[in-house]
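Below you will find the structure I want to go over with you.
For the numbers below, each heavy atom of this structure counts, side chains included, while hydrogens, waters and symmetry mates do not.
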Amino acid sequence: MVDPRNTQAPTTVASSDPVARKRRSKMKDLRKQPGFDTMAWICLFFLYGPIVMLVVFSFNDNRSVVIWTEFSLRWYVAAFENDGIRKATLVSLQVATVSTILATTFATMAALATTRVRPFKGQTLAYAVINQPLMVPEIVTAVATLAFFGIIKQIFNINGIGFLMLAHTVFCIPFAYMPIRARLEDMNLTLEQAAADLYATPVQVFRKVTMPLMAPGIVAGGMLAFVVSLDDVIITLLVAGPGETTLPVYILGQIRRGITPEINAVSTVLLGLSVVLVSIFFLIGNKKRA
Amino acid sequence: MTKTTHSMAATLAAAVAFAGPAWAEGELNIYNWGNYTNPKLIEKFEAKFDIEVNLDGYDSNEIMLAKVREGNTGYDIVVPSDSTVAIMIEQGLLAEVKPNEMENFKNMDPKWVDVYWDAGRNYSVPWQWGTTAFTVDTEVYGGDIDTLALLFDTPDELKGRINMLSDMGEVINAALRYKGYDRCNSNNEELRDITEMLIEAKEDWRTMDYATIEKLTSGDVDLSQTWNGAAMRAREQRPSLVYAYPVEGFTGWMDNAAVLAEAPNMENAKLFLNFIMIPENAALISDFAKYANGITGSEEFMSEDLKTAPEIVMPASAPAPDFVKPCPQEVTDMYNRIWTKLKQ
Amino acid sequence: MADLTADTGSTADRLAEARRQTEGAARHRRWQLLAPALITIGIFGLFPLTITLLYSFLSPGTYGGITWEFSTNAYVQFLFERDIFDDTLQFSSTYLSIYGRSIGLAFGATVGALIIGFPTAYFIASKPLEQRNLWLFLITVPFWVNLLVRTYAILLIIRDEGMINLSLMGLGITDKPIGMLYTDYAVFAGLIYSYLPFMVLPLYASMEKLDFRLVEAAYDLYASRFQVLRHVIIPMAKPGIVAGCILVFIPGLGAYITPELLGGGKELMIGNLIALQFSGSRNWPFGSAAALILMVVVMVSLIVYVRYSGKEGNGHG
């Protein structure tokens with residue numbers, strides 16, 4: 001065992017000295033905590049178990065999820081031809097996209113205004129308002145929103161999917177806000193001040209320094225908002241109007257009758273799509289960095 | 001983008017998002033129970049009248065009622081159960097479209113015309129009717145199944161293998177029937193009695209869920225409180241299931257198609273009500289949902305298994321189905337307390 | 001333009017004036033930035049809540065809705081039951097036990113998510129930079145599948161005739177199915193499964209900034225692994241822990257579809273209770289009151305969490 005008292009501060013330059021290399025590899029080991037790796041792998045296994053089962057059995061020829069007969073694409077065809085599923089998926093994607101864009105934009109602006117600044121008057125109030133949707137159980141929001149929208153619809157005589165999108169935006173904002181704020185908090189101002197010292201205008205500082213640094217936070221916030229919107233059941237259940245059935249509402253109805261393999265097929269397709277999308281995102285991100 | 005382009009884009013988007021059914025000629029919005037409408041029926045209607053039909057689903061009267069009360073749902077047709085129709089008529093939520101003056105009214109089975117919830121049929125048309133009792137796997141339990149004792153005084157083979165409906169009305173009414181008490185009961189002694197009985201019996205139940213078919217066919221339970229049509233569908237996958245007709249009594253219900261007072265497409269809705277009173281079309285509904293309908297002459301268009309199914313054709317020895325009217329508020333309040341206590 | 005020939009007094013004044021102006025502009029900009037979020041949530045999130053508060057002090061309408069009659073019955077009903085015979089109030093623990101169970105479940109799910117999520121976030125954060133995005137990606141991918149479908153998949157795996165039991169029985173290890181579904185454990189698993197990313201992502205976000213040289217410095221000072229964990233890693237991950245716990249506990253309190261699916265529906269959660277008041281029970285005031293009481297619970301927990309995070313301070317500023 002290497003005597004710790006002999007250890008120098010680690011250098012970042014790679015040296016070919018065998019003793020130094022041994023020391024460095026031992027140091028990398030020092031990052032590990034006992035049991036953490038195992039737990040992480042268990043976590044991954046736990047997460048993927050049901051998913052893998054879902055994907056695998058969406059290609060199963062018969063309905064069961066425990067008995068495999070043969071490979072078949074029939075459920076994908078059925079899902080595609082199923083009007084209900086198709087419409088529901090489209091509605092879900094529509095609502096989620098609009099809500100995510102709005103929510104992430106608003107949340108970014110709000111995060112910029114509330115982070116890395118000296119405490120200002122009304123700060124706690126602002127926090128409280130932004131996080132308010134998180135503090136209310138969905139069922140309450142759902143009923144309150146239903147009542148409120150009902151009144152608006154009667155007074156102004158307008159209807160449409162905009163109401164649902166608004167409702168989704170409201171609860172997506174805090175979900176987008178949190179990762180963005182976390183990211184901003186950990187960015188200290190020196191880089192931006194340095195850019196300003198170099199005669200960059202505030203707009204330039206924002207575009208070329210702040211935004212790229214914030215980008216991972218914004219992406220994380222956007223992804224979180226998108227997933228939360230796609231998954232929402234209770235609020236949508238009560239607020240949606242004719243033709244606005246989203247996928248989760250449709251699935252909830254189906255679950256009562258035993259989930260059909262078509263739904264597994266749709267979920268797999270959505271999963272595949274998102275994997276592709278996010279991969280593209282990451283590839284672009286990595287390229288920019290290089 | 002400049003500020004003006006921004007605001008123009010925003011206004012346009014808002015206009016589209018909120019335009020809603022502005023161009024709604026030739027449309028009909030139906031709000032029905034989930035998985036309760038035959039797609040073939042919709043196609044036939046759409047083809048005949050050149051109307052586009054939007055179908056949305058709910059799975060409880062309560063959710064539908066809550067939405068309709070808030071107003072401006074955009075739906076034309078809803079399909080409430082008997083007691084809910086009574087409530088909605090009283091609250092002025094339904095349009096008096098007078099099916100009794102429509103062309104096909106002559107096809108309605110006379111025994112379904114003067115019903116407690118819509119005497120003379122001024123508001124609604126029968127959709128499906130059925131019974132609610134329970135179904136049990138006779139391979140697991142071989143004894144007499146036509147008694148509610150299976151639910152409240154469970155034999156050993158069935159302990160922990162029972163699903164009850166998560167429905168306050170159905171569970172409490174079943175308990176009242178078992179003890180021989182009245183429905184819409186306000187007698188405190190009796191209510192206390194059934195509360196204790198229910199809490200004890202709950203130990204032997206496994207789940208309380210509306211998803212009865214799924215619970216039965218997946219092997220989670222061997223007995224489930226359920227509706228007759230659902231029992232029939234479950235039996236298709238688990239042939240040893242038998243639908244029981246308890247001697248103590250069981251619920252009868254009817255779902256009815258009705259038009260909302262605020263319906264945007266009133267004329268199309270009336271066309272639809274008239275349409276489903278044609279025997280062939282009523283048969284289409286039954287074939288899909290597997291329940292009986294209220295239109296005479298539809299039997300000749302229904303499939304064989306429906307005509308002979310024990311779930312649809314009641315044995316002569318069975319008591320008449322018990323159609324329960326909505327209870328006064330004080331009674332509902334007490335039932336609520338019992339239900340919450342039961343589920344605490 | 002500063003007039004260099006002016007005396008120092010007015011330069012100082014002008015400086016102060018300039019500073020006030022930039023501060024004013026900054027404040028103006030700040031509220032402009034905050035405006036969209038605040039307005040959206042204010043109108044469509046907060047205002048409906050005042051409706052709820054209002055409703056909780058009214059009387060139930062027949063068949064649902066409210067009647068405009070002031071009454072505190074809703075709140076009284078929460079703790080007391082009116083005895084039918086002598087009309088006295090008796091303490092009733094029905095609703096308290098429902099709340100207690102939901103709180104316990106949400107708390108258990110939070111702890112579980114923390115136990116699973118903390119090592120996982122650390123695992124990812126300790127990977128070399130190039131690999132981290134990949135791992136993050138792997139962790140979040142499952143959450144792109146719809147929650148209901150995932151929950152149902154868990155159900156299919158653990159039910160009596162589900163994957164686990166069939167495999168065990170097929171391999172001859174057991175001859176009767178193990179009853180896993182419709183138990184509290186199934187509900188825990190389901191809740192943790194639903195909210196795990198809300199724990200891992202914030203944890204990762206704060207761990208990512210962890211400077212491992214501090215860890216190595218601690219080792220240099222003869223710290224054991226456990227001490228390093230306690231005194232270096234956890235304090236620095238504190239903002240993430242707090243955020244993660246909040247994001248799991250609070251939705252967990254209101255969750256009712258997952259517990260219903262996996263728990264069997266024999267017991268009410270707070271969410272079920274409230275939903276029931278707006279549907280079958282037709283007691284909107286009580287539903288509103290129950291909801292507000294829940295929010296009090298939430299706010300108390302938030303205060304507790306925030307105070308806990310504030311105590312150690314953001315030492316790594």
query = chain A: which of L253(C), L138(C), I124(C), I115(C) shares the most heavy-atom pairs with it under 4.5 Å?
reply = L138(C)

Portion of V228(A) that has a non-hydrogen atom of chain C nearer than 4.5 angstrom = side chain

request  = Can you see which heavy atom on L148(C) is nearest to which on P248(A), and at what distance?
outcome  = CD1-O, 3.3 Å

request  = Select one option (side chain, backbone, both, neither) describing which atoms of L147(C) are under 4.5 Å from chain A's heavy atoms.
outcome  = both

inquiry  = Evaluate F123(C) against T38(A) for side-chain contact (heavy atoms from CB on, under 4.5 Å), listing each step before the verdict.
reply    = CA-CA 10 Å; F123(C) 176 77; T38(A) 331; over 6 Å; no

ask   = Side chains of F44(C) and T169(A): does their closest heavy-atom pair fall under 4.5 Å?
value = no

task = Please flag which part of P179(A) lies under 4.5 Å from any non-hydrogen atom of chain C: side chain, backbone, both or neither.
result = neither

request  = Could you look at L224(A) and say if it's the side chain, the backbone, both or neither that has a heavy atom under 4.5 Å from chain C?
outcome  = side chain

With N146(C), the side chain to side chain contact (heavy atoms under 4.5 Å, CB included) member among T246(A), D231(A), L230(A) = D231(A)

request  = Heavy-atom distances under 4.5 Å only: say whether L38(C) touches chain A with side chain, backbone, both or neither.
outcome  = both

For C43(A) against L196(C), the heavy-atom pair lying closest together = SG-CD2, 3.7 Å

query = Would a 4.5 Å heavy-atom cut-off, applied to side chains only, mark I42(A) and I116(C) as touching?
reply = no

ask   = Is any side-chain heavy atom of P133(A) closer than 4.5 Å to a side-chain heavy atom of I41(C)?
value = yes

query = Can you find a pair of side-chain heavy atoms, one from I130(A) and one from L34(C), that are under 4.5 Å apart?
reply = yes

task = Looking only at non-hydrogen atoms, find the nearest pair between V170(A) and G45(C) and report the distance.
result = CG1-CA, 4.1 Å

ask   = Does some side-chain heavy atom of M223(A) sit less than 4.5 Å from a side-chain heavy atom of W144(C)?
value = yes

remark   = Looking only at Y256(C), F198(C), Y193(C), the option with the highest number of non-hydrogen pairs under 4.5 Å against chain A is Y193(C)

ask   = Between G254(C), P142(C), P202(C), which has the largest tally of heavy atom pairs under 4.5 Å with chain A?
value = P142(C)

ask   = Mind checking whether Y48(A) and V141(C) have side chains closer than 4.5 Å, heavy atoms only?
value = yes

message = If I compare all heavy atoms of F175(A) with all of L247(C), which pair ends up nearest, and what's the gap?
response = CE2-CD2, 4.1 Å

task = Mind ranking F46(A), W41(A), F171(A), F106(A) by heavy-atom pairs under 4.5 Å with chain C and telling me who comes out on top?
result = F106(A)

ask   = Side chain, backbone, both or neither: which part of L125(A) has a heavy atom under 4.5 Å from chain C?
value = neither

key: Winner by heavy-atom pair count (cut-off under 4.5 Å) against chain A, out of A153(C), G117(C), S167(C)   = A153(C)

query = Of the backbone (N, CA, C, O) and the side chain (C-beta and beyond), which part of V227(A) lies under 4.5 Å from a heavy atom of chain C, both, or neither?
reply = side chain

inquiry  = At a heavy-atom distance under 4.5 Å, which candidate from I270(C), I257(C), I246(C) has the highest pair count against chain A?
reply    = I257(C)

message = Quick check for you: among L292(C), L155(C), I192(C), I274(C), which has the greatest number of heavy-atom pairs under 4.5 Å with chain A?
response = I274(C)

request  = Decide yes or no for F143(C) and L47(A): does some side-chain heavy atom of the first lie under 4.5 Å from some side-chain heavy atom of the second?
outcome  = yes

note = For Q32(C) and M109(A) the tightest heavy-atom approach is O-CE, 4.3 Å

task = To the nearest 0.5 angstrom, please state how far the CG atom of L54(A) sits from the CG atom of L156(C).
result = 8.5 Å

inquiry  = Looking at every heavy atom in both Q132(A) and L49(C), which two are closest together, and how far apart are they?
reply    = NE2-CD1, 2.9 Å

ask   = What part of L201(C) lies closer than 4.5 angstrom to a heavy atom of chain A: side chain, backbone, both or neither?
value = side chain

T114(A) portion near chain C, given a 4.5 angstrom heavy-atom threshold = side chain

message = Can you confirm whether or not the ring centre of Y122(C) sits under 6.0 Å from the ring centre of F36(A)?
response = yes

message = Given heavy-atom pairs under 4.5 angstrom as the criterion, report whether the side chain, backbone, both or neither of V233(A) touches chain C.
response = side chain

Inter-residue atom distance R30(C).CZ - L112(A).CG, 0.5 Å rounding = 12.0 Å

T40(C), part contacting chain A, at a heavy-atom distance under 4.5 Å = both

